[in-house]
Amino acid sequence: MSSTLNSVVVLTGAGISAESGLKTFRAAGGLWENHPVEEVATPEGFERNPQLVYEFYNQRRRQLLSDEVKPNPAHTTLAKFEHDFHGSFLLVTQNVDNLHERAGSQNLLHMHGELLKMRCLNSQLVFDTSEDFTFDTHCRCCRSAGNLRPHIVWFREMPFHMNKINQALESCDLFVAIGTSGNVYPASGFYQTAKIRKAYTVELNLENTGSGFDKRIYGKASKIVPQYFESLLV
Ligand code: NAD
């Protein structure tokens with residue numbers, strides 16, 4: 001890795017929030033909180049059974065807002081690094097929880113949406129919500145029921161902020177992926193984009209994902225993320 005570090009991009013996945021009490025996906029094509037992803041994380045699943053999909057995300061939101069779920073040392077380390085680092089820093093998360101912002105992260109992009117937001121299917125306007133909502137909830141803009149969906153990017157939908165993310169990847173010196181299985185495209189290809197401009201690429205994960213990173217460190221995020229990022233500031 002070059003000795004001068006000017007620009008860092010970090011990608012996080014469900015693994016960084018596992019020790020905060022939010023379950024990850026179980027392996028490729030696996031289950032999310034006991035539900036097949038096709039049921040709760042695809043546009044077709046929403047068309048087939050909207051009731052189930054609303055209830056699934058209502059449960060995830062209630063869990064996220066419960067007293068037991070809070071940021072862990074991996075989230076707080078990234079917020080502190082962003083504050084202390086003098087170069088440019090972008091945090092891209094695949095997570096739909098709000099643990100990075102609760103830890104204090106600022107330059108943050110949620111590429112797969114957010115649990116605490118809902119979107120109107122007519123106007124595409126996005127609203128904050130900490131409450132349950134369903135097919136019967138009246139939309140704040142069109143004032144009728146049946147138009148709201150979770151502001152979540154489902155499989156086969158286009159992730160958010162891809163232009164900004166690609167620009168940052170193409171100009172960074174260091175790319176670090178934390179707690180992501182590398183099963184979900186396009187995030188799984190970010191390390192390759194970063195490498196085009198010869199960025200150094202690092203994986204911090206519980207286990208080897210088989211991807212071609214320059215360096216790999218294995219262990220729980222709450223331990224290895226503080227160790228790694230503190231070493232960068234020395
Ligand atoms: P994934 O579940 O496919 O993979 C999780 C990865 O984290 C695995 O490689 C696993 O080895 C690793 N991991 C597990 N516990 C860890 C720990 N304590 N420390 C370090 N690493 C750990 O997750 P993904 O790659 O993010 O893809 C899943 C998709 O599911 C994402 O798009 C996301 O939107 C969604 N999801 C989000 C949440 C959340 O917001 N917290 C939770 C579950 C799923």
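Just so it is clear, the values below take in all heavy atoms, side chains as well, and ignore hydrogens, waters and symmetry mates. Atoms within a ligand are numbered from 1 in the order they appear, just like the ligands themselves.
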Numbering the atoms of ligand 1 from 1, which are under 4.0 Å from a heavy atom of Lys220?
19 (N)

Considering only heavy atoms of Asp97, which atoms of ligand 1 have at least one such atom less than 4.0 Å away?
39 (C), 40 (O), 41 (N)

Is Asp214 salt-bridged to Lys195, going by a charged N under 4.0 Å from an acidic O?
yes

Can you confirm whether Glu19 sits close enough to Lys223 that some side-chain heavy atom of one is under 4.5 Å from a side-chain heavy atom of the other?
no

Considering only heavy atoms of Gly179, which atoms of ligand 1 have at least one such atom less than 4.0 Å away?
5 (C), 6 (C), 7 (O), 21 (N)

Can you confirm, on distance only, whether ligand 1 has an N/O atom lying under 3.5 Å from any N/O atom belonging to Leu204?
no

Are any of the N/O atoms on Ser181, whether in the backbone or the side chain, positioned under 3.5 angstrom from an N/O atom of ligand 1?
yes

In ligand 1, which numbered atoms sit nearer than 4.0 Å to a non-hydrogen atom of His112?
31 (C), 32 (O), 34 (O)

Once you round to the nearest 0.5 Å, how far does CD1 of Ile16 lie from OG1 of Thr24?
13.5 Å

Can you confirm if the NZ or CZ of Arg61 lies within 45° of the ring axis of Tyr57 and under 6.0 Å from the centre of its six-membered ring?
no

Of all heavy-atom pairs linking Glu101 and Leu108, the shortest is OE1-CD2, 3.4 Å

Just let me know how Leu22 lines up against ligand 1, side chain, backbone, both or neither, with a heavy-atom cut-off below 4.0 Å.
side chain

His75 vs His100 aromatic rings, parallel, tilted or perpendicular, using cut-offs 30° and 60°?
perpendicular

Would you check, one step at a time, whether the test salt bridge (Lys or Arg N to Asp or Glu O under 4.0 Å) holds for Glu157 with Arg149?
CA-CA 14 Å; Glu157 294 184 319; Arg149 64 164 272 180; 2.9 Å; yes

Pick out which of Phe155, Phe25, Trp154 makes a ring-ring contact (aromatic ring centres under 6.0 Å, His included) with Trp32.
Phe25

Under 3.5 Å, N or O to N or O, is Phe25 touching ligand 1 that way?
yes

Given the options Thr201, Val9, Val10, Leu232, Leu174 meets side chain to side chain contact (heavy atoms under 4.5 Å, CB included) only with Leu232

Taking 4.0 Å as the limit for heavy-atom contacts, which would you say applies to Ala18 with ligand 1: side chain only, backbone only, both, or neither?
side chain

Answer yes or no: is there an ion pair linking Glu114 with Arg119, defined by an N-O contact shorter than 4.0 Å?
no

Which of the ligand 1 atoms, numbered from 1, are nearer than 4.0 Å to a heavy atom of Glu19:
17 (C), 18 (N), 19 (N)

For ligand 1, which atoms sit closer than 4.0 Å to a heavy atom of Gly13?
26 (O)

Verify the neighbour count for atom NE2 of His83: are there more than 12 heavy atoms of other residues, nucleotides or ligands below 6.0 Å?
no

Can you list the atoms of ligand 1 that are under 4.0 Å from a heavy atom of Glu207?
11 (O)

Polar contact flag for Lys23 and ligand 1 (N/O pairs, less than 3.5 Å):
no

Show which atoms of ligand 1 fall inside a sub-4.0 Å distance from at least one heavy-atom site of Gly219.
19 (N), 20 (C)

Polar contacts were defined as any N/O atom of the residue lying under 3.5 Å from an N/O atom of the ligand; does this apply to Ala14 and ligand 1?
yes

With nothing but distance in play, are any N or O atoms of Gln94 less than 3.5 Å from an N or O of ligand 1?
yes

Per-residue contact class, Val184 against ligand 1 - non-hydrogen pairs under 4.0 Å:
side chain

Considering distance alone, does some N or O of Asn205 sit under 3.5 Å from an N or O of ligand 1?
yes

